[in-house]
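The next block holds one structure in the form of structure tokens; read it before the comments.
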Amino acid sequence: MSAHHSHSTDHSHEDHHHHEETFISKWVFSHDHKMISKQFLVTGMVMAVIGMMMSVLFRLQLGYPGESFKILNFFLGDKWAPGGVLNPDMYLALVTIHGTIMVFFLLTAGLSGTFANLLIPLQIGARDMASGFLNMLSYWFFFGSSVVMVLSLFVESGPAAAGWTVYPPLSALPQAMQGSGMGMTLWLVSMSLFIVSALLGGLNYIVTVINLRTKGMTMMRLPLTVWALFFTAVLGVLSFPVLFAAALLLIFDRGFGTAFYLSDIFIGGQALPQTGGSPLLFQHLFWFLGHPEVYIIILPALGLTSEIISVNSRKPIFGYRAMVLSIMAIAFLSFIVWGHHMFITGMNPFIGSVFVFTTLLIAIPSAVKAFNYITTLWKGNIRYTPGILFAMGMVSTFITGGVTGIILADSALDINIHDTYFVVAHFHIVMGLSAVLAMFGGVYHWFPKLYGRMMNNKLGYIHFWITFVCAYGVFFPQHFLGLAGVPRRYYTNSEFPMFDSFIELNQWSTIFAVVGAVAQGIFLFNFFYSMYRGQKAPQNPWKANTLEWTTPVEHIHGNWPGKIPVVHRWPYDYSKPGKPDDFVLQTTPLEEGEGDEGKH
Amino acid sequence: MTFFIILVIILAIITVAQMARVYELSSELRNKKEEEISARDNKINATLMMVFLIAFFSFITYYIVEYWDKWLPPSASEHGNATDWLLNFNFIIILIVFVITHIFLFSFAFKYQRRKGQEAAYFTHSNKLELIWTVIPAIVLTVIIILGIKTWKGIMMTTAPEDSIVIELYSKQFDWTARYAGKDNALGHTNYHLISGANFLGLDSADSKGNDDIIVKGEFHIPVNKPVKFVMRSQDVIHSAYMPHFRAQINTVPGMTTMFHFTPIITTEEMRKNPRVVKEYAEINAARRSQGKEEAIFNYLLLCNKICGTSHYNMQMDIIVDSEADYQTWLSSQAVFQKEKMAEKPMPEILKIAEKK
Ligand code: HEM
Ligand SMILES: [Cu+2]
Ligand SMILES: [Cu+2]
């Protein structure tokens with residue numbers, strides 16, 4: 001691909017300087033990608049704290065079913081936790097909103113929103129996003145969507161409770177459960193706003209990467225973070241509209257008597273008039289987004305990990321081209337595997353076997369990525385920042401969760417473990433833990449760029465070790481629950497004596513969850529304290545090659561005070577023989593006869 | 001309660017103060033730069049990586065040993081043996097991959113920690129290595145795919161034998177109903193408009209095939225070594241008919257019928273005598289007795305495994321696998337569904353007209 005758009009003249013820079021900055025235009029409706037990035041990050045963190053607290057509440061019920069906890073009553077009141085015992089409807093509601101928040105608000109908007117906004121312009125050498133205005137809108141739609149989601153917690157009949165996958169008819173009929181009333185309506189409104197935000201953001205990221213790369217920044221010289229964020233945006237733009245369609249049809253079925261998803265239903269003593277709809281249609285539409293969505297979450301995580309591992313092991317990322325090709329392969333394949341969520345829904349089994357094939361194919365590029373990370377560490381010179389600890393943790397969880405994907409992808413095996421705790425363990429480890437760990441790593445690594453100060457390493461180390469141990473402690477044992485046939489989304493297992501053998505296991509899971517949750521206080525403290533009292537960051541604290549570290553520490557509009565830097569080499573020249581330092585900035589011209597990996 | 005809240009607040013303040021102390025001590029007082037990682041920090045973290053690896057493997061081994069005999073007992077259905085074989089085969093493969101990659105990951109993390117005077121290698125790519133670890137997974141996955149699809153075909157893409165017993169499993173919030181096809185081995189026609197208190201499956205009196213249908217709740221029986229064909233329907237929302245002991249599951253979906261067929265091979269009596277089951281239930285019952293709970297006895301189960309509302313967690317039915325003789329005795333003691341009940345609620349006029357057209 002050709003890249004030398006010399007948009008990198010100074011005009012956009014000057015544009016910005018004509019504006020008078022008011023409080024509102026600087027802090028609230030900012031068009032500056034760095035500010036928007038911080039807005040996404042902090043909003044995502046607030047949502048994450050809510051989501052995490054919910055998980056602690058329902059884990060208490062799972063570990064100690066039917067026991068009374070003051071804290072449950074304190075947060076949920078007499079209506080939803082009478083006498084300190086969680087109500088079953090509220091259990092389902094908490095699980096639903098927890099899933100929605102973690103998947104969409106933290107790991108989609110929070111993760112991509114933060115790092116695409118921060119890193120795309122800075123790492124490709126652009127003064128800002130292609131459209132600062134749309135970028136600002138993208139944040140505010142996300143903000144609105146978060147507000148609606150949080151408000152839905154307070155409606156009389158409770159928030160949505162049909163699971164984060166909101167399958168109709170359960171989600172379509174208020175008669176089917178309390179949460180499918182007003183709560184579900186707000187859920188749909190919130191998600192619609194969310195989709196608008198994702199689309200505005202995604203289009204902007206794509207256009208920016210294609211058009212605004214600085215001189216010399218060929219596609220094959222892009223840092224892997226940018227590659228990953230770019231394909232994430234492509235996935236989002238192609239798949240979110242399908243979710244929007246699904247949601248819209250669901251709104252029709254709920255409010256206007258249509259029958260897209262409903263047929264032959266007798267509920268609440270009444271035979272509904274709708275016939276001819278298909279609940280499976282919703283699942284196809286949902287997972288057509290849903291599977292790419294899991295890669296929308298994991299690709300940025302992988303991108304951050306690539307960068308952090310390479311910088312801190314002072315070694316070029318191993319197999320750059322293979323990494324780019326795997327990102328492309330994963331992005332493409334992720335559109336043709338959605339049926340693996342539907343093997344036993346009554347979908348034609350022949351089609352099921354096609355999805356077995358495509359799903360298992362995706363394991364190949366995933367495996368290549370994992371092997372390449374490990375090889376990057378080999379013969380490295382690893383500097384243990386909190387960032388690389390989290391990145392290494394991510395490689396571990398990505399492998400642990402990835403291999404169980406192979407079991408689930410085997411439809412014959414999925415018959416017996418679908419919708420059990422085995423799936424819960426799989427997707428939490430491969431997606432939840434991996435992406436959260438990578439996101440933490442990213443925050444520690446780029447905090448100096450975000451806030452101009454350093455975070456404290458000691459607290460970072462403590463935070464990592466507790467989090468990492470607790471993360472596996474919560475989820476690894478759940479594989480065994482799944483293999484014993486324990487279904488997910490159960491308020492309690494105590495109705496089945498056959499699950500009595502796992503009482504203790506569930507208690508340990510809860511204990512790890514509580515300790516892990518409390519430990520996040522260390523991070524929050526470190527984050528906010530460092531914002532004001534952290535050591536002043538030098539310009540290039542980690543001695544990295546990429547362009548974001550050539551900008552001044554103080555944020556300015558347009559990113560570079562003078563001309564935009566010109567790029568001469570790929571981003572991974574670490575420990576290159578014959579160089580004075582163990583890093584070479586991308587802006588350093590090639591020497592006579594020096595080869596560049598980015599140019600083949 | 002107030003005491004509790006005050007305690008939490010005080011603890012929180014102390015914790016934050018402590019963290020601030022760690023913070024200040026570890027950075028500013030010692031005049032250390034955060035971006036320069038000390039030799040000591042490198043060493044500690046690298047060592048912890050190794051410690052973690054060992055602890056993690058021990059943790060996993062502990063769980064495998066501890067819960068080995070608490071997974072599902074041997075498959076009670078014929079096809080389930082193939083499933084279990086495939087599961088074990090896949091587990092061996094992924095366990096190997098998991099162990100090898102983790103050993104490499106964490107030992108590299110330990111071995112290549114920064115040391116004075118050490119330099120990293122400039123190793124950008126190796127087509128040979130990358131080819132190897134693309135091709136090997138590809139080959140392994142090909143084997144997995146072929147075996148997987150073969151097993152799947154054997155279970156799902158075959159038609160139930162002619163002489164299968166036909167049973168309808170009907171789900172609604174929050175229980176299951178089983179309907180036997182009776183002597184003609186054909187289920188009577190139903191319509192959801194006919195559902196009423198007595199005619200809770202909506203049987204249509206106009207269809208004589210339904211005259212000998214038998215409807216049961218709470219538990220249903222099937223004979224050993226005879227194929228059973230399940231036809232699934234749902235009244236309200238999606239549920240899932242999950243029979244883990246038989247390695248069988250399929251969703252029940254309003255507006256469509258789904259099917260599953262299998263052959264049970266172990267009777268309930270036999271399974272109760274299986275040493276693993278005996279041991280597990282002895283432990284379970286010891287604990288239950290000490291808590292003053294009723295003792296439990298092993299049963300095959302039908303569970304709901306798709307979120308379906310408030311009592312999703314308690315939507316179950318027992319499955320009894322009998323010898324052929326016991327099954328016949330049980331079946332003949334069940335009453336045929338009364339035809340009068342079917343007529344409790346008439347078909348709405350408008351639908352009758354539609355049907356005539
Ligand atoms: C080797 C690659 C992977 C394979 C073969 C794989 C396979 C599968 C399969 C077959 C299921 C459906 C299981 C069931 O519902 O019974 C599943 C569920 C899931 N996977 Fe993966 N997966 C892989 C990687 C990932 C990654 C990278 C992510 C996230 C970033 C992810 C996230 C999820 C989620 C969220 C679910 C559960 C959805 C739900 O039902 O709530 N998977 N996976
Ligand atoms: Cu998927
Ligand atoms: Cu159910």
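In what follows, chains are A, B, ... by sequence order, proteins preceding strands, each numbered from 1. This one's a predicted model, so the numbers in the text were calculated from it and none came from an experiment.
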For this session: Look at the aromatic rings of A/W465 and B/F52 and report parallel, tilted or perpendicular, splitting at 30° and 60°.
Result: tilted
For this session: Look at the rings of A/Y572 and A/Y574 and say which category their plane angle falls in: under 30° parallel, 30 to 60° tilted, over 60° perpendicular.
Result: tilted
Counting heavy-atom pairs closer than 4.5 Å to chain B, which one of [options] comes out on top?
{"options": "A/L481, A/N348, A/D573, A/I388", "value": "A/D573"}
{"options": "A/R314, A/Q270, A/K379, A/M177", "value": "A/K379"}
{"options": "A/G319, A/G352, A/P88, A/G346", "value": "A/G319"}
{"options": "A/I317, A/N526, A/V469", "value": "A/N526"}
{"options": "A/D582, A/L173, A/T375", "value": "A/T375"}
{"options": "A/A176, A/G393, A/G163, A/G269", "value": "A/A176"}

Could you tell me whether [X] atom [atom1] has more than 12 heavy atoms of other residues or ligands within 6.0 Å of it?
{"X": "B/K43", "atom1": "NZ", "result": "no"}
{"X": "B/K111", "atom1": "NZ", "result": "no"}
{"X": "B/K150", "atom1": "NZ", "result": "no"}

Region of [X] that comes under 4.5 Å of a non-hydrogen atom in chain B:
{"X": "A/Q178", "result": "neither"}
{"X": "A/L505", "result": "both"}
{"X": "A/A322", "result": "both"}
{"X": "A/F499", "result": "side chain"}
{"X": "A/S180", "result": "neither"}
{"X": "A/A172", "result": "neither"}
{"X": "A/F357", "result": "both"}
{"X": "A/N312", "result": "neither"}
{"X": "A/L92", "result": "side chain"}
{"X": "A/P168", "result": "backbone"}
{"X": "A/N457", "result": "both"}
{"X": "A/I503", "result": "neither"}

For [X], which atoms come within 4.5 Å of any heavy atom of chain A: side chain, backbone, both, or neither?
{"X": "B/Y281", "answer": "side chain"}
{"X": "B/A20", "answer": "both"}
{"X": "B/V253", "answer": "side chain"}
{"X": "B/Y63", "answer": "both"}
{"X": "B/Y67", "answer": "side chain"}
{"X": "B/S240", "answer": "side chain"}
{"X": "B/I155", "answer": "side chain"}
{"X": "B/Q173", "answer": "side chain"}
{"X": "B/Q118", "answer": "both"}
{"X": "B/A287", "answer": "neither"}
{"X": "B/H102", "answer": "side chain"}
{"X": "B/I146", "answer": "neither"}

Pair [X]-[Y], side-chain donor/acceptor within less than 3.5 Å:
{"X": "A/S313", "Y": "B/R114", "value": "no"}
{"X": "B/H245", "Y": "B/S75", "value": "no"}
{"X": "A/Y490", "Y": "B/N314", "value": "no"}
{"X": "A/S501", "Y": "B/E280", "value": "yes"}
{"X": "B/W152", "Y": "A/D414", "value": "no"}

Exercise. Between A/K458 and A/Y461, is NZ or CZ placed under 6.0 angstrom from the six-membered ring centre and within 45° of the ring axis?
Worked result: no
Let's test your reading of the structure: which of [options] forms the most heavy-atom pairs below 4.5 Å with chain A?
{"options": "B/S196, B/S38, B/C304", "value": "B/C304"}
{"options": "B/F91, B/F298, B/F104", "value": "B/F91"}
{"options": "B/M256, B/E119, B/E283", "value": "B/M256"}
{"options": "B/T83, B/I64, B/I94, B/I60", "value": "B/I94"}
{"options": "B/V237, B/T101, B/T124, B/N90", "value": "B/T124"}
{"options": "B/T151, B/T258, B/I284, B/N285", "value": "B/I284"}

Please find out if less than 6.0 Å separates the ring center of [X] from that of [Y].
{"X": "B/F56", "Y": "B/F98", "result": "yes"}
{"X": "B/H312", "Y": "A/Y91", "result": "no"}
{"X": "A/Y491", "Y": "B/Y313", "result": "yes"}
{"X": "A/Y472", "Y": "A/F468", "result": "yes"}
{"X": "A/F318", "Y": "A/W378", "result": "no"}

Exercise. Charged N to carboxylate O under 4.0 angstrom, B/R247 versus B/D84?
Worked result: yes
Side-chain heavy-atom pair [X], [Y] within 4.5 angstrom cut-off:
{"X": "A/D419", "Y": "A/P487", "answer": "no"}
{"X": "B/M156", "Y": "A/F350", "answer": "no"}
{"X": "B/D236", "Y": "B/H239", "answer": "yes"}

